[in-house]
2 protein chains.
Amino acid sequence: MSGNPRRESSDRRVRRTRRAVQQALTELILEKGYETISVTDLINRANVGRSTFYAHFTDKQDVLFSNLDELSDLLRLSPAATPDTLFAFSLPMFEHVQERGRLLRALLGRRGSTAVVARGERIIAATVRDELLARLPPGSGPPASLDLVVTCVVGAFMALLRRWADGEVAATPTEMDAAFRAVVMPGVERELAAVHALGDSSPAGYGPPR
Amino acid sequence: MSGNPRRESSDRRVRRTRRAVQQALTELILEKGYETISVTDLINRANVGRSTFYAHFTDKQDVLFSNLDELSDLLRLSPAATPDTLFAFSLPMFEHVQERGRLLRALLGRRGSTAVVARGERIIAATVRDELLARLPPGSGPPASLDLVVTCVVGAFMALLRRWADGEVAATPTEMDAAFRAVVMPGVERELAAVHALGDSSPAGYGPPR
DNA sequence: TTGTTCCGAAACAATGTGTTCGGTTATAAA
DNA sequence: TTTATAACCGAACACATTGTTTCGGAACAA
């Protein structure tokens, strides 16, 4: 039993221990990738007793998440702060990933953690959903297709981000953002227009462009 | 040393053993999901000795792939067979996943195998790439943005497929296909038109829709 | 029938996980 | 400064998983 004591402890020893483990994790991620790291690796690198580790963290994943809490806040940028452009998160996100450098790239790429990707996916999905909802006629409820559109958009974005983090593509954040928008925006705007035209929340009017 | 002896053995015992293990795997996947299955689980369920298992397969993953070889062929449908409509694979794919029922859904969903998803991703990416290349002016080489577009499209498709396999969305294959096309096609067509208009392979003319 | 090949069982080393416990030491508070 | 306390270490433990090896016996193709 331990988990995350939300706030920093007053005892210097626990701060020391927690930081040592967290830092050991990021070092090891960069060296061998997240999945192959064992708790034994972690405590050796951190110079921390086994029992001590389990007094602070339940898991390898627990350490990872304790490191990612700050990041979650950073991801939650501009939910509807700029209501003029859709998907405002895209460019800042690519930029942020580039700045934070190797760690984030290691976590998002192929040798990274499924859990981190899933977490990011959830946060971005919520953001996209909110943005789209704000663009819909206020009266009607969310159209049935909303979640599918959100899934598409987030899927495309995360795929770009993952490939980019893997270094398989050489491009600037601006180029990545442009590619994302170029593929996704026309379809989304057309969707929004269709819903507005129908007035009602009846969403079945897709049909292939044919 | 064993791996996959491409063809069926003539020895009945070998066939018997391999099938038992393969079937045990699919049963266990449906019961507990792929990731948590251990080799020990497998040999207990299959009633097969430990040494026997390793005489036939190198790995848990080896068993999985031996089961999936047929599937790979099924995925490789209509690469350019119907040059009139883009992304012809989409609808048949959704339909196929629905027909094949629980096993494929279990493999693709959240509790499924990363390896399977990655494999499917690669195959579909190759298909999408070929389709788009066929639509480009024949003289010029592939524009630099091609791979990004492919990544977007495949990312959106796989995200839809995964969510659907997870049962989080109740929709028919036709509806899924329609959602996919509605989001993705307008942007892709606009891209293609842009490249055609520029005549040359210079692809930098994106720019956010602003 | 006969020689080959496969099979099951058991034991094995190696590695990892999560827990417990007694002794030591740093820390915060008095 | 003293002191009670909470955190630490390290070793040992039980347990699970993996992949290898070695048998005698049984099924198989010819």
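Residue numbers start from 1 in every chain, and the chains themselves are labelled A, B, ... in the order their sequence lines are given, proteins ahead of strands. Just so it is clear, the structure is predicted and the values come from calculations on it, not from any experiment.
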I'd like to check the side-chain hydrogen bond (donor to acceptor under 3.5 Å, both in side chains) partners of A:D11; sequence neighbours left out, ordered by chain and number. A:R13
According to salt bridge (Lys or Arg N to Asp or Glu O under 4.0 Å), who are the partners of B:D59, at least two apart in sequence or on a separate chain? none
Distance in angstrom units between [X] [atom1] and [N] [atom2], rounded:
X     : N      : atom1 : atom2 : result
B:E35 : D:dT17 : CD    : P     : 15 Å
B:I43 : D:dT20 : CD1   : C1'   : 13 Å
A:F53 : D:dG10 : CZ    : P     : 16 Å

Base contacts versus sugar-phosphate-only contacts with protein, heavy atoms under 4.0 Å: please encode nucleotides 3-17 of chain C as B, S and - from 5' to 3'. --BBSBB------SB
Mind checking side-chain contact (heavy atoms from CB on, under 4.5 Å) for B:Q23 and listing every partner two or more places apart, or none if nothing turns up? B:E27
Apply side-chain contact (heavy atoms from CB on, under 4.5 Å) to A:S51 and list each qualifying residue two or more places apart in sequence or on a separate chain. none
Contacts under 3.5 angstrom, residues 108-117 of chain A side chains, donor-acceptor by atom type, not counting sequence neighbours:
unit_1: A:R110; atom_1: NH2; unit_2: A:E168; atom_2: OE2; d: 2.3
unit_1: A:S113; atom_1: OG; unit_2: A:A115; atom_2: N; d: 3.0
unit_1: A:S113; atom_1: OG; unit_2: A:V116; atom_2: N; d: 3.0

Take the C1' atoms of the five end pairs on each side of the helix from C:dT1-D:dA30 to C:dA30-D:dT1, derive the two axes, and give their angle rounded to 10 degrees. 30°
Among pairs that include at least one residue of residues 142-167 of chain B, which meet ring pair (Phe, Tyr, Trp, His ring centres under 6.0 Å), considering only residues two or more places apart or in two chains? B:F89-B:F157, B:F94-B:F157, B:F94-B:W164, B:F157-B:F180
What pairs meet the ring pair (Phe, Tyr, Trp, His ring centres under 6.0 Å) rule with one or both residues in residues 98-123 of chain B, with sequence neighbours excluded? none
Just by distance, with hydrogens left out, do A:S38 and A:D41 show a side-chain donor and acceptor under 3.5 Å apart? yes
